[in-house]
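What follows is one structure encoded as structure tokens, with my remarks underneath.
Computed from a predicted model, the values in this text were never measured in an experiment. Computed from heavy atoms alone, side chains included, the values below leave out hydrogens, waters and symmetry copies.
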Amino acid sequence: MTHLDITPTPRARRPRPKVVTLSDAAAQRVREIMVKAEKPYAGLRVGVKNGGCAGQEYVLEYADAANPLDEVVEDKGVTILIDPKAVLFLIGTVIDYEVSRLSAKFVFRNPNETDACGCGESVTITPAKLD
């Protein structure tokens, strides 16, 4: 009787799409902010927290280090660290940076948003459905 090797051959994984991407303007602004920071940081932490009149708010903050379960995204020279609890809320999001006559701010273009408050400070986000 012949011995057959039934060990499966590992398949090459296809690249996963980035959870979050940055516009050119946002990447440039993040790089400018990081250079001027009081100390070196590992990256920009992006998340979602409960709050505001619509239920949820986006969070941007300096990250000293990546947490073990963070989703790490490299985009346009910026390291983005995403809290694992926020990943399903942020899939497909583009972070932009807009400057107008009266303000300059980061703007989230999130396909998972279902509502926003009138002042624009909070949103309602439905987790992305994975196929």
Side-chain angles (χ1 to χ4, degrees):
M1 181 170 222
T2 307
H3 180 268
L4 296 176
D5 184 12
I6 58 171
T7 305
T9 304
R11 290 187 355 216
R13 294 184 128 208
R14 66 183 169 97
R16 292 188 331 187
K18 295 177 182 178
V19 174
V20 171
T21 56
L22 299 171
S23 70
D24 291 338
Q28 179 180 341
R29 184 64 182 138
V30 170
R31 288 191 303 267
E32 290 169 358
I33 290 170
M34 294 299 229
V35 166
K36 294 177 184 176
E38 67 273 4
K39 65 178 189 174
Y41 289 98
L44 176 69
R45 184 168 309 285
V46 177
V48 176
K49 71 175 185 175
N50 291 334
C53 51
Q56 294 163 305
E57 298 173 335
Y58 294 109
V59 179
L60 292 173
E61 58 191 11
Y62 295 116
D64 288 319
N67 294 328
L69 298 177
D70 281 346
E71 179 81 18
V72 179
V73 175
E74 299 286 338
D75 192 36
K76 297 179 178 77
V78 175
T79 300
I80 305 166
L81 307 171
I82 304 170
D83 182 321
K85 293 178 283 190
V87 169
L88 286 178
F89 292 103
L90 295 173
I91 290 174
T93 298
V94 176
I95 301 173
D96 196 6
Y97 185 72
E98 294 181 346
V99 178
S100 70
R101 291 178 56 181
L102 299 175
S103 70
K105 61 185 176 181
F106 288 99
V107 177
F108 287 73
R109 303 196 195 294
N110 185 342
N112 307 303
E113 274 185 30
T114 58
D115 198 10
C117 67
C119 67
E121 293 297 318
S122 66
V123 294
T124 304
I125 308 170
T126 303
K129 291 182 172 66
L130 301 177
D131 294 331

Can you find a side-chain donor-acceptor pair between Y58 and N110 that sits under 3.5 Å? yes
What's the spacing between S23 OG and R29 CZ if we round to 0.5 Å? 12.5 Å
Is the shortest heavy-atom distance from the side chain of T93 to the side chain of V19 under 4.5 Å? no
Check P111 against I91 and note the closest heavy-atom contact, atom names and distance. CG-O, 3.7 Å
Report whether L60 and M34 are members of the same hydrophobic cluster (ILVMFWY, side-chain heavy atoms less than 4.5 Å apart, transitive linking). yes
Can you check whether V46 reaches V59 side chain to side chain, under 4.5 Å on heavy atoms? no
Just wondering, do D70 and P84 contact through their side chains at under 4.5 Å, heavy atoms? yes
Cluster overlap F106 with F89, hydrophobic side-chain contacts below 4.5 Å: yes
Interatomic distance, D96 atom CG to F108 atom CZ [nearest 0.5 angstrom]: 11.0 Å
Mind listing the closest non-hydrogen atom pair of E74 and K18 along with its distance? O-NZ, 2.9 Å
At what distance, to the nearest 0.5 angstrom, does OH of Y62 lie from CG of L44? 9.0 Å
Please indicate whether K76 has more than 12 foreign heavy atoms, meaning atoms of other residues, nucleotides or ligands, lying under 6.0 Å from its NZ. yes
Find the distance between CG (L22) and CZ (R31) and round it off to the nearest 0.5 Å. 9.0 Å
If hydrophobic clusters are built from ILVMFWY residues whose side chains come within less than 4.5 Å, do Y97 and V30 share one? yes
Rounded to the nearest 0.5 Å, what's the gap from OG on S100 to NZ on K105? Could you check? 7.0 Å
Quick one: does I95's side chain get under 4.5 Å of V20's, heavy atoms only? yes
Gap between atom CG of D75 and atom OG1 of T21 - 0.5 Å precision: 5.5 Å
Check whether any side-chain heavy atom of L90 sits under 4.5 Å from a side-chain heavy atom of I82, and report yes or no. yes
Going by heavy atoms in the side chains, are V48 and E57 under 4.5 Å from each other? no
Restricting to non-hydrogen atoms, name the atom on G47 and the atom on A86 that form the minimum distance, rounded to 0.1 Å. CA-CB, 4.0 Å
Check: D64 and Y41 side chains under 4.5 Å, non-hydrogen atoms: yes
Kindly determine whether R45 and E71 satisfy salt bridge (Lys or Arg N to Asp or Glu O under 4.0 Å), including the steps that lead there. CA-CA 10 Å; R45 184 168 309 285; E71 179 81 18; over 6 Å; no
Looking only at heavy atoms, what is the nearest atom pair of A42 and A66, with distance? CB-N, 4.4 Å
If Ile, Leu, Val, Met, Phe, Trp and Tyr residues are connected whenever their side-chain heavy atoms lie under 4.5 Å apart, and connections chain through other members, are V87 and L69 in the same group? no
